[in-house]
Number of protein chains: 2
Amino acid sequence: MPVTIRDVARASGVHVSTVSRSFSAPHLVNPETRTHVLAVAEELGYRPNRAARALITGRTHNIGLIVADIANPFFPPLIKAAESHARSRDYHVFVADTSEDAGVEEELVLALAKQVDGILLCSPRMSNTQIEQLSREVPLVVVNRPVPGLPAVVMDLGQGARLAVEHLVALGHRSIALLGGPRGSWTNREIRRAATLAARTAGAELTVFGPNPPTEEGGAAQADAIARAGATAVLAYNDLMAVGLIDALDHNGVKVPDQISVVGIDDTALSRRIRPMLTTVATPTAAAGRAAVDMLLQHGDDRRTTALVTLQTELVIRDSSGPGPHRTAGPGRRQGPPPDGVALTSRE
Amino acid sequence: MPVTIRDVARASGVHVSTVSRSFSAPHLVNPETRTHVLAVAEELGYRPNRAARALITGRTHNIGLIVADIANPFFPPLIKAAESHARSRDYHVFVADTSEDAGVEEELVLALAKQVDGILLCSPRMSNTQIEQLSREVPLVVVNRPVPGLPAVVMDLGQGARLAVEHLVALGHRSIALLGGPRGSWTNREIRRAATLAARTAGAELTVFGPNPPTEEGGAAQADAIARAGATAVLAYNDLMAVGLIDALDHNGVKVPDQISVVGIDDTALSRRIRPMLTTVATPTAAAGRAAVDMLLQHGDDRRTTALVTLQTELVIRDSSGPGPHRTAGPGRRQGPPPDGVALTSRE
DNA sequence: TGGACGGCTACAAACGTTTGCAGCAGAACC
DNA sequence: GGTTCTGCTGCAAACGTTTGTAGCCGTCCA
């Protein structure tokens, strides 16, 4: 016995269409009538049925948000920001988790397609062509990967990786390991590309270890290989892997940063919580969530015109990176980007 | 130009009702007809419009999941488990975040009410009467709080707090601080009740510091007061606060566990990542998420009969708790519950 | 051989909205 | 005083499904 628009119409002595317009087209109805209708609706506790509305208007006022792994600390701030931003625009958010599986990803997009006005696809593992294909079923905004012809929000991790490598080289490291992320990740390729270039430019050697699952275990698993290879510094695909690596190194008696420097990526909450505090590349995840929602909601051609939003990253220097064997006189290692607090707040 | 049931009907030469039944009531349609219809539907890429289905059946096949703070590491595993479990039963999940605000909480329940078949209300900050009132609008399952007459899933944190206090007393602590959580949290009251009782029973003194926001800052803020009060051990409302506290103590030159022991609650991923690794009360969050979904989906009277599910907690002893001043001969502090790995997997 | 029945399908109403169109009153204009 | 216009409201169709009912045809049993 939920109260419908008809109940409100009856109780306020007007036609349903007038009630409808009182809500969705106020300028078409007499102000007096409208306030009366709204009062009655309020009293009856009327809430429009969005399914019915969706049926006729074709717009659900829902959006989908698909991530690889909710439990990965990179995503919650993004989800939180996207959800809250969407809600402020009267949209609700379906959240789904693919468990890093491209198949599940596709399935989820298809399953959600008819139920949402668009989908935020975060860090997809599918191929570009698959994504393009799906974008014909439902509007898509891709996060953390540029897909030709589709609106996307990416972090400039090329720059981030370059900053990280330059930082390590400046500290005196010449043999750097890149702890790679998952296969299929654009971010991973981008980091690899930029890090390789930066290392070559700076005259350092960079070795890639991977691909690996983007988890602590993935990082830990490469600890031996990296130590054995004689690298004195590591750039990890993300904070989680950096943490796993540091732990495994520590377990093997290798001290960070004394013997090996480790730099993470993402600046998740985790990076300030572990010891040594993690030097890492900060990515503006909350801003990315909001930007993606904005792109999705400004429908039509606009979406094409602002097709790619690139957000800046920055290096946050903490305690997990220290002097390397080739250290020359130079700036103190604490110099560089502003201290944590400032960096973190100013990024917003 | 999305393909509807009518397109399928036309293309396969049958009536729409036959198409509909081919999907939702297979036994009512001739097997041959059905396979043909399904083939045509597949070929056309037909996906039933859930809004339309919801309109007529009254069931949306969506559920709402409302949490206090997505970024709090306690919630992601719960969300993940709930989402995946719901999806396996062909339900999709709206996730929303209240920012620990009771007002937003109510608003969200109402906003979601018409759009879902039920809502999982996690760690609500509202009053019981408010919750009961809302449950007349939409089926509710409460997590982390028992509400009379409503189905609920709770963790036995009374037991957890007791175990923690007994552990600390066994280590020789007689002056214990309880780092309280947020006002309005049932869990907080429960912990307080059980810890107080356990301390009294064991002949120890327990002082409550709080309420506090359930964040690192909330924990850090009480570090001075706790140290000044001369407590030698602390039981914190959650891991996040424990971490903040440990950090602040460390910053003041107070060593954990040498000078003060700290025990957390929740066993979030964080607790194994920080140093010292956190002794904490493990809560089965993933199991809670699944149980809550199950309770919600077994509609009708059943929901009443299994109105309260209580999940067991257990103490996971790690490195943040150590001997206190009144240590007597006794079991080594490493004894007790099984080691991490076992405890963590067996809990599932 | 007639009737009952069972298996299958078509018909049409309904779900709760939105929205183009028509109608109506009064104001404004000439 | 007629016409046009404006502001408001009612009417009814439509959105894409589900589902109760009725109809058809063939089979079975007596």
Side-chain angles (χ1 to χ4, degrees), chain A residues 1-38 40-41 44-62 90 92 111-117 137-138, chain B residues 1-38 40-41 44-62 90 92 111-117 137-138:
Chain A
M1 47 157 54
V3 31
T4 78
I5 201 175
R6 238 177 291 270
D7 300 322
V8 178
R10 202 174 307 122
S12 48
V14 298
H15 195 263
V16 288
S17 57
T18 303
V19 177
S20 174
R21 278 188 270 258
S22 295
F23 284 97
S24 45
H27 58 284
L28 289 180
V29 39
N30 185 316
E32 281 182 44
T33 315
R34 176 161 183 262
T35 48
H36 177 227
V37 167
L38 293 189
V40 171
L44 262 50
Y46 167 72
R47 305 234 153 203
N49 180 325
R50 294 177 90 133
R53 178 179 293 178
L55 195 55
I56 185 87
T57 62
R59 323 206 57 230
T60 63
H61 266 245
N62 292 147
D90 197 24
H92 291 145
L112 247 31
K114 282 281 183 21
Q115 236 182 146
V116 299
D117 295 341
E137 301 286 327
V138 54
Chain B
M1 48 161 52
V3 31
T4 77
I5 202 176
R6 236 176 293 268
D7 299 323
V8 178
R10 201 174 308 124
S12 49
V14 299
H15 194 264
V16 289
S17 58
T18 303
V19 178
S20 173
R21 278 190 264 260
S22 294
F23 285 97
S24 45
H27 58 282
L28 289 182
V29 38
N30 184 318
E32 282 182 43
T33 315
R34 175 161 184 264
T35 48
H36 178 228
V37 166
L38 293 188
V40 171
L44 262 49
Y46 167 71
R47 304 235 153 203
N49 180 324
R50 294 177 91 131
R53 179 180 292 178
L55 195 54
I56 185 88
T57 64
R59 322 205 62 229
T60 62
H61 266 247
N62 293 145
D90 197 25
H92 291 144
L112 247 32
K114 282 280 183 25
Q115 239 183 140
V116 299
D117 295 342
E137 301 286 326
V138 55

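A note on names: the letters A, B, ... follow the listed sequences, proteins ahead of strands, and every chain is numbered from 1. Scope of the values below: all heavy atoms of this structure, side chains included, with no hydrogens, waters or symmetry mates.
When rounded to the nearest whole Å, the span between CZ of B:R34 and C1' of C:dG7 equals 16 Å. Counting to the nearest Å, the P atom of C:dT18 and the NE2 atom of A:H61 are 11 Å from each other. Atom CG of A:N30 and atom C1' of D:dG7 are 9 Å apart (whole Å). Note: CZ (A:R53) to C1' (C:dT19) measures 13 Å, nearest angstrom. B:H27 has its NE2 atom 11 Å from the P atom of D:dT19, to the nearest Å. Atom pair B:R50:CZ and D:dT18:C1' shows a separation of 15 Å (rounding to whole Å applied). Atoms CG (A:L55) and C1' (C:dA14) sit 12 Å apart, rounded to a whole Å. The nearest whole Å value for the distance from the CZ atom in A:R59 to the C1' atom in C:dT17 is 16 Å.
When side chains are defined from C-beta on, A:D7 counts as touching A:R10, because their heavy atoms get closer than 4.5 Å. Between B:N62 and B:Q115 the shortest side-chain heavy-atom distance does not fall below 4.5 Å. B:V138 has its side chain out of reach of B:L112: every pair of non-hydrogen atoms, C-beta onward, lies at least 4.5 Å apart.
Counting distance only, with no hydrogens placed and no angle test, the side-chain atoms of A:R21 and the base atoms of D:dG10 include a donor-acceptor pair under 3.5 Å.
Within 4.0 Å (heavy atoms only), A:T57 reaches sugar-phosphate atoms of the nucleic acid but no base atom. At the heavy-atom level, A:T18 lies under 4.0 Å from the strands shown only through sugar-phosphate atoms. No engagement by A:F23 is indicated, since no non-hydrogen atom pair under 4.0 Å with the nucleic acid exists. Residue contacts shown for A:S20 include a base, since a base heavy atom lies under 4.0 Å away. If you check every strand for non-hydrogen atoms under 4.0 Å, A:R6 touches a base.
The side chain of B:S17 approaches C:dA12 more closely than any other nucleotide in the set C:dA12, D:dC15, D:dC8. Here C:dA14 is the nucleotide among C:dA14, C:dG16, D:dT9 with the atom lying nearest to any side-chain atom of B:I56. Taking only side-chain atoms of B:N49, from C-beta outward, the nucleotide of D:dT17, C:dC8, C:dG16 with the closest atom is D:dT17. Closest to the side chain of A:V14, from the set C:dG16, D:dT18, D:dG10, is D:dG10. Here the side chain of B:I5 is nearest to one of C:dT18, C:dT9, D:dT18, namely D:dT18.
In terms of position along DNA chain C, the nucleotide closest to B:H15 lies nearer the 5' end than the nucleotide closest to the other residue of the pair B:A52 and B:H15. For B:L28 and A:V16, each mapped to the nucleotide of DNA chain C holding its nearest heavy atom, the one lying further toward the 5' end belongs to B:L28.
Expressed to the nearest 0.5 Å, how far NE2 of B:H61 lies from CG of B:D117 amounts to 6.5 Å.
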Self-check item: Test log, rule side-chain contact (heavy atoms from CB on, under 4.5 Å), inputs B:H36 and B:V40
Solution: CA-CA 6 Å; B:H36 178 228; B:V40 171; 3.6 Å; yes

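Using modelled atom types, one side-chain atom of B:S24 and one backbone atom of B:S20 make a donor-acceptor pair closer than 3.5 Å.
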